[in-house]
Structure formats: C-alpha cells, structure tokens
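Data block below; observations after.
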Amino acid sequence: MKAFFKRAALALALGASLPAYAALSSPDGRLSVDVTVSPQGEARYAVRRDGAEVLLPSPLGMKLEGMDLADRLSLGAASPVHAVRESYELATGKRRKNSYVANEQTWTLRNPQQQALDVTFRVSNDGVAFRYTVRGPQLKFLSEATGFAFAPSARAWLQPMAAAKTGFARTNPSYEEYWQKDIPAGTPSPMAGWVFPALFRSGDNWIALTEAGMDGSFHASRLAVRSEGGVYRIAGPAPEEARPGEALLAHAEGELVSPWRVMAIGGLDTLVNSTLGTDLAAPAARPAASWIKPGHASWSWAILKDDFTNYDTQKKFIDYAADMHWDYTLIDALWDQKIGYDKVRELAGYAKKKGIGILVWYNSAGSWNDTDMTPKDKLLTRESRVAEFKRLHEIGIKGIKVDFFGGDGQSMIAYYVDILKDAYDAQLLVNFHGATLPRGWSRTWPNLMTAEAIRGFEFATFDQSLQDPVAPHAAMIPFTRNLFDPMDFTPMVFGDIPNIRRTTRNGFELAESVLFVSGIQHFAEIPEGMATAPAYVKSFLRELPRSWDDSRFVDGFPGEYAVIARRAGKAWYVAGFNGSGSEMTLTLDLAFIGKRGKLITDGAGERSFIQSDIGAAKATRITIKPHGGFVATFK
C-alpha cells in the first residue's frame, strides 16, 4: 500500500491521471495483490510478499466472440471481502486432511459497451489465485490476456510443451519432456510453450504457477512460447488437440467460468508443503466410497514389455504382489488379444483369493493418433464406455489405465471427466497415461488414483541416452510435476534393465517409493530383481503405507536433491535422493520427529544397501552418494 501511495503522489505531482485501484491481502497479511486499471484501460494485477514485489504489474482480461474484455477497461464495483474456509480429505496426496483459508474478493471490469468481466481473487498464506466469470447468452472463448510478469533477475525451471501430433505415433503432447533448469526469465520455449506447474525464483521468493478447477467446460492451458520482458502469458491448445469434429476452446450458454490461475508463493518449504492445486479444485463430485483404495501394484510391462502380457506371466505377478503384501497387479496393453476377457476373468478370480485386485489397460484413442494397441475404441462414446465398464465390474476388475489422449482441447478435457464419471459409477479406479496434468482432479474425482504426465521410468528402459539423465530429472519432480497432483512415475528397480546400464544407485530407487506420491504406486521391479534385495528392504516395501496423513519439506533444491518427511498414523518416513554426480552430506532438522529409527541407504557398491540406526534430532547428518538416496523410518 505504501508503494501505491508513493506512485499516486508522483502521478499527482506530474499531473497524470490516477489509475483505478483495489487491493486484497492474505489472512496473515504477508501476501497482497493490487489490481489497477490505467487511464488507457489496461487492467493489471501485482503481487507482493512482505512488501517485496513477487510479480510485477501483469495483464488481466480475455476476449470472446463479440466481447473484447481485454482492452479499454474500467474498474467497476467490488464485492465485500469474503473469508473462505474449506476442509476436505484426499484419498491420494501428500496430506489426507486439508484446510484451505483465504480472503476472496471479486472485482468487475467493464468495456465501453458495458459488457462485464468478473475477476475473483483469492489470497491465502501460501499463494494467490484468480479466475474469470463472463455472462451472456452465447459465450465463445477466443483468447486470454492473462500474464505473469517477472523481474529481469528472475530465474525459471520449466518443462517445454511438445508440439501436438509429434513423437511416438503422433501422441504428443503428454507432458513428458525434460526441464530446462535455472534459465533466465523470458527465455523462449524451444517447443510449443511451457507446461504447468512452472517454477520461478524471484529474489527470496519461489513461485509455482499452475491451474485448477477443470470441470470439462474449459480447455487446459499452458504458458506461451515467447515471454518478452519476462511476461509469461497464458496460451491455449493447438488446433489439433480436440476430439475430431468437436470443440477446441471453451464455450457456454449463460455463464463461462475459467479455471483458477494459481500461484503458490514463498520459500521452497511453502511450495512443497502447499496443497493449493487441490485447494482450488472443485469439491468431490462423488463421495470417497469404501471401494476407493490406494495401494501398491506389481506390473510386468515396465521391464518385460509386450511379449510378457500373457496368462502365465500375469499369474506370476499376482503371486509376486501377494508375496510383497501389495494390493494390485496391472495387466497392460494387448491383454484382450494375448489373454482375452474370459482368461482375465480367471486371473481376477485367482487374484481375489490372494487379496489382489486386477487393473487393466485401455487405449483412449480414436483417430487423433496412430496407435494400434488394444483394447481400443471401447471408451469413445458413453454408450460403449458404460457397457465396457459394466463388463469389467462384473468380471471383478478393480481399475483401468487409459493411455494415449489427444491433448488439452475442451472436448478432450471433457472426455477425461466423462471417463472419471462413468468409471466411478462402475466402481473402477482410474489411472491416466499419455495424458495431461490432472490439475486437482484427485479431489473432485476420488477414484482418480494417479496420472502419468511425466517422463517416467519406462523412458529410461528404451535407450541409454534416456537413462543417463534420470537422476537430475527425478530431482526436479518434487518441486514441479508432483507438487500438487498424484503422479505415475512407476518407480524403483534394483536389478538389471535389459540392454541398459542403470545410472542410479539402489538407495535412489528406494527413496522414490516415498518421495513420489501416487494413489497406486506401480512398482517397476520384477520378481527376479526384488530377489536381490535384502530382507529388510522387502520388509520396508511390504509395510510401506498406501497413503499419507501428512508431509513436510525437509531440504532440497530443484534438480539437485530433495528430502521430504511423510507421516502415516504415528510413523514418519523420511526419504531423500541426490540427483548430482557428487557425494553430499546434509544436516537435517528432524527434531519434529523426536525418536530413533532405522536408516536404509546405499552400501559400498552401486547395487547394495546398508541398514543402521538413526536418531531424529535438530542436526541429523546424512551422507548421500552420487545418484544415491536413503529412506528412514521412525515408528
């Protein structure tokens, strides 16, 4: 506020016109957002934390067919400030019970034709969010003026958005690129923009940008290719990213509401501890029923690939899951041809006797890509989808993995939501692969267990050039992709990968089981590799919680290393990994745990473990080998 009055005084001294102005602060008063409209009608917002600028004045507005709500605007009425208080539970996430507290206010912007754009801001202690509402008989979205303006000194950690209809069988975009790390703000994307979440550092503050609140009526967005002057603008999907013959961009009758544009702001601890991505998602559309059970799964395809999608191998992996006290076995692509529905029914019955649920793979695709793996075309219409899901439920299947989606157009986002709705009605859990970022769907649809949207473990089995960067790539994930949404990275292998020299140590692989959050954790390791692990590692994996009551950031830096503590009941699990090629010794504050536990970390060899006792104190020292890691349990 002081800065505004200084600007106002200068403007008066110079004889300039004052901009229209409004402000809103967080409950603790540390974060604030200012909204101004210049005499030329340019709407801007700016964000401050503890008085320091986090975002410079950044553009607001959107354009619809017949409605220009981005230029020549005036600031109209404002609603009273409203205190938002919400509590909710997540079946899958970093924290089971969540509370969201924020101050909310809506400001109305008007164009010369008196058409209105409502901008609703929410400011919480860990971030700022806003969304647009437009009303009218026929509303057709054209473009969005929204931007995020960073200081010239800001740095960025960003993943490029792949161009539509590129890559394997024209299946991009699937949010599966490597991050560009610590680059100057304003660096143009080498591809088709930048994906969410997007991570920035400005001064002492970190900022994670994303969006939330996707109900199927709006397309998903990304940051534009170019960001001149450090202004990152919202961009929409490419024309190819819609279902054939259906809508690319948002449209509505009566009212059009955008997703929330979300900014988590603070130190790295604030970002990693934040749940803004689900706080701003719509409340659960269906209750979290008793059949919705997070868990751990065996999965043959990661190491063995298509040739082993057969009856005998899948039966072996059911036995493996039962021996490891896990919950599910995933049967991947081509099961309908290589095993068949009747034999899958037999496998489901066999698995049930052992306390294991069966998950099966589907190809989402119609004609939007060139994939030919089956089952295919079963989910394209609601009639076909409901019939297929009914059949799966009747033969005892517990969930589906749906792959190869076609992008972020409105009709494609609606397709995701329709699958979640119909799967819930058939009591089926859902895993999206070759997919978009979930953007808070795990709150709205509790049967969504996980989603890929990451260059996961499977890539590192294809070629050595994709294995070599795994460690620093994985060290980005707790700060970006897995920040708010569950993620199916399919982690962990201790043995051999055919034709690949693994570059991570066993401690790194084991740490992923705790560091990466997924409603169903599909472990890549096969029985032969698990047999090389010592008994105490197997015991750890047998007893590993299926979901977390709480999580706490301990230490880390994007792309270099991460240490996070997670709690289930009264037990704490602390895990860390080192994405760098140099050994590091960390001094960790674990005083909040306050008891002794067991540490599993890397032994002398790259594929060995060692176990020891560990105390949880104010200054707990742990050494992590290059591309190594650890887990510590305190029960």
Side-chain angles (χ1 to χ4, degrees), residues 23-34 45-55 58 81-90 93-105 120-131 148 150 154 157 196-213 259-283 437-440 442-443 477-486 517 548-558 562 564-567 592:
L24 182 67
S25 296
S26 60
D28 66 3
R30 297 185 66 186
L31 271 176
S32 64
V33 59
D34 301 342
Y45 73 100
V47 178
R48 295 174 177 273
R49 184 171 184 260
D50 296 331
E53 285 186 316
V54 176
L55 279 185
S58 303
V81 175
H82 167 63
V84 177
R85 296 182 180 274
E86 296 181 1
S87 296
Y88 63 96
E89 292 193 18
L90 290 174
K94 67 179 78 169
R95 189 171 299 111
R96 183 184 305 277
K97 294 184 178 181
N98 299 276
S99 296
Y100 175 54
V101 178
N103 290 328
E104 177 183 292
Q105 191 169 25
T120 300
F121 273 89
R122 286 187 181 179
V123 187
S124 57
N125 294 343
D126 57 347
V128 174
F130 63 91
R131 67 180 177 187
F148 308 89
F150 289 93
W157 287 255
F196 291 128
L199 182 66
F200 297 85
R201 187 178 190 178
S202 183
D204 294 332
N205 292 294
W206 290 86
I207 306 96
L209 305 181
T210 190
E211 60 183 351
W260 290 99
R261 281 53 185 105
V262 182
M263 296 158 272
I265 299 169
L268 276 177
D269 58 339
T270 299
L271 268 62
V272 176
N273 293 338
S274 174
T275 53
L276 274 180
T278 48
D279 293 343
L280 289 151
L437 183 75
R439 294 169 169 84
S442 58
R443 178 184 178 187
I477 290 169
F479 306 95
T480 48
R481 164 63 183 90
N482 210 193
L483 197 59
F484 303 121
D485 295 295
V517 175
W548 302 109
D549 293 319
D550 198 9
S551 296
R552 184 181 298 199
F553 175 74
V554 178
D555 199 3
F557 193 87
I564 296 174
R566 306 200 192 277
R567 180 178 62 82
F592 62 92

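On a predicted model such as this, the values are computed, not experimentally measured, just so you know. Only heavy atoms go into these numbers, but all of them, side chains included; no hydrogens, no water, no symmetry mates.
Remark: Ser25 OG to Leu31 CG distance equals 8.5 Å, nearest 0.5 Å. How far OG1 of Thr480 is from CG of Leu209: 12.5 Å, rounded to the nearest 0.5 Å. Atoms NE2 and CG, from His82 and Leu24 in turn, are 11.5 Å apart once rounded to the nearest 0.5 Å. Interatomic distance, Glu104 CD to Phe121 CZ, rounded to the nearest 0.5 Å: 11.5 Å.
Contacts of Arg96 classified as salt bridge (charged side-chain N to carboxylate O under 4.0 Å, His left out), with partners at least two apart in sequence or in another chain: Asp549. For Arg481, there are no salt bridge (charged side-chain N to carboxylate O under 4.0 Å, His left out) partners two or more places apart in sequence or in a different chain. Looking at residues two or more places apart in sequence or on another chain, you find a ring pair (Phe, Tyr, Trp, His ring centres under 6.0 Å) between Phe200 and Phe150, Tyr232. Listed by chain and number, the residues in a salt bridge (charged side-chain N to carboxylate O under 4.0 Å, His left out) with Asp50 are Arg30 (sequence neighbours excluded). Shown here are the side chain to side chain contact (heavy atoms under 4.5 Å, CB included) partners of Asp550, two or more places apart in sequence or in another chain: Arg95, Arg567, Trp572. Residues passing the side-chain hydrogen bond (donor to acceptor under 3.5 Å, both in side chains) test with Glu86 are Arg443, sequence neighbours excluded. Asp28 meets the salt bridge (charged side-chain N to carboxylate O under 4.0 Å, His left out) test with no other residue; sequence neighbours excluded. The side-chain hydrogen bond (donor to acceptor under 3.5 Å, both in side chains) test applied to Gln105 returns no partner, not counting sequence neighbours. With sequence neighbours excluded, no residue forms a ring pair (Phe, Tyr, Trp, His ring centres under 6.0 Å) with Phe479. Ser124 pairs by the side-chain hydrogen bond (donor to acceptor under 3.5 Å, both in side chains) definition with Asp126, not counting sequence neighbours. Contacts of Ser442 classified as side-chain hydrogen bond (donor to acceptor under 3.5 Å, both in side chains), with partners at least two apart in sequence or in another chain: none.
The shortest side-chain heavy-atom distance between Asp485 and Phe196 does not fall under the 4.5 Å cut-off. Side-chain contact between Leu199 and Leu271: present, with at least one pair of heavy atoms (C-beta onward) separated by less than 4.5 Å. Under the 4.5 Å side-chain criterion, counting only non-hydrogen atoms from C-beta, Pro197 is in contact with Leu437. Residues Pro558 and Leu268 meet the side-chain proximity criterion, which asks for heavy atoms closer than 4.5 Å. A 4.5 Å side-chain heavy-atom check between Arg122 and Val128 finds every atom pair outside the cut-off.
Sorted by first then second residue, the salt bridge (Lys or Arg N to Asp or Glu O under 4.0 Å) pairs that include residues 261-270, not counting sequence neighbours, are Glu144-Arg261, Glu211-Arg261.
Not a single donor-acceptor pair under 3.5 Å links the side chain of Ser26 to the backbone N or O of Asn125. Lys94 places a side-chain N or O within 3.5 Å of a backbone atom of Leu483 that can act as its donor or acceptor partner. The main-chain N or O of Val33 is never found under 3.5 Å from a side-chain atom of Tyr45 such that the two would form a donor-acceptor pair. Formation of a donor-acceptor pair under 3.5 Å by the Asn103 side chain with backbone atoms of Val123 is not found in this model.
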Inset, instruction - Apply side chain to side chain contact (heavy atoms under 4.5 Å, CB included) to Val272 and Ile564, showing your working. - result: CA-CA 9 Å; Val272 176; Ile564 296 174; 4.0 Å; yes
Inset, instruction - Carefully, step by step, assess Val47 and Ile265 under the rule side chain to side chain contact (heavy atoms under 4.5 Å, CB included). - result: CA-CA 10 Å; Val47 178; Ile265 299 169; 3.7 Å; yes
Inset, instruction - Apply the test side chain to side chain contact (heavy atoms under 4.5 Å, CB included) to residues Phe484 and Thr275: give CA-CA distance (whole Å), side-chain angles for both, the deciding distance (0.1 Å), then the verdict. - result: CA-CA 6 Å; Phe484 303 121; Thr275 53; 5.6 Å; no
Inset, instruction - Report the C-alpha separation of Arg201 and Trp157 in whole Å, then their side-chain angles, then the decisive distance to 0.1 Å, and conclude whether the side chain to side chain contact (heavy atoms under 4.5 Å, CB included) test is met. - result: CA-CA 9 Å; Arg201 187 178 190 178; Trp157 287 255; 3.7 Å; yes
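Two rings, from Phe553 and Trp206, have their centers 6.0 Å or more apart.
In terms of heavy atoms, Gly127 sits closest to Leu276 at CA-CD1, 3.7 Å. Contact detail for Ser551 and Arg566: the closest heavy-atom pair is OG-NH1, 2.8 Å. Looking at every heavy atom in both residues, Pro478 comes nearest to Ala562 through CG-CB, 4.0 Å.
Looking only at atom types and distance, the side chain of Tyr100 has no donor-acceptor partner in the side chain of Thr278 under 3.5 Å away. For Ser32 and Arg48, the side-chain atoms include no donor-acceptor pair closer than 3.5 Å.
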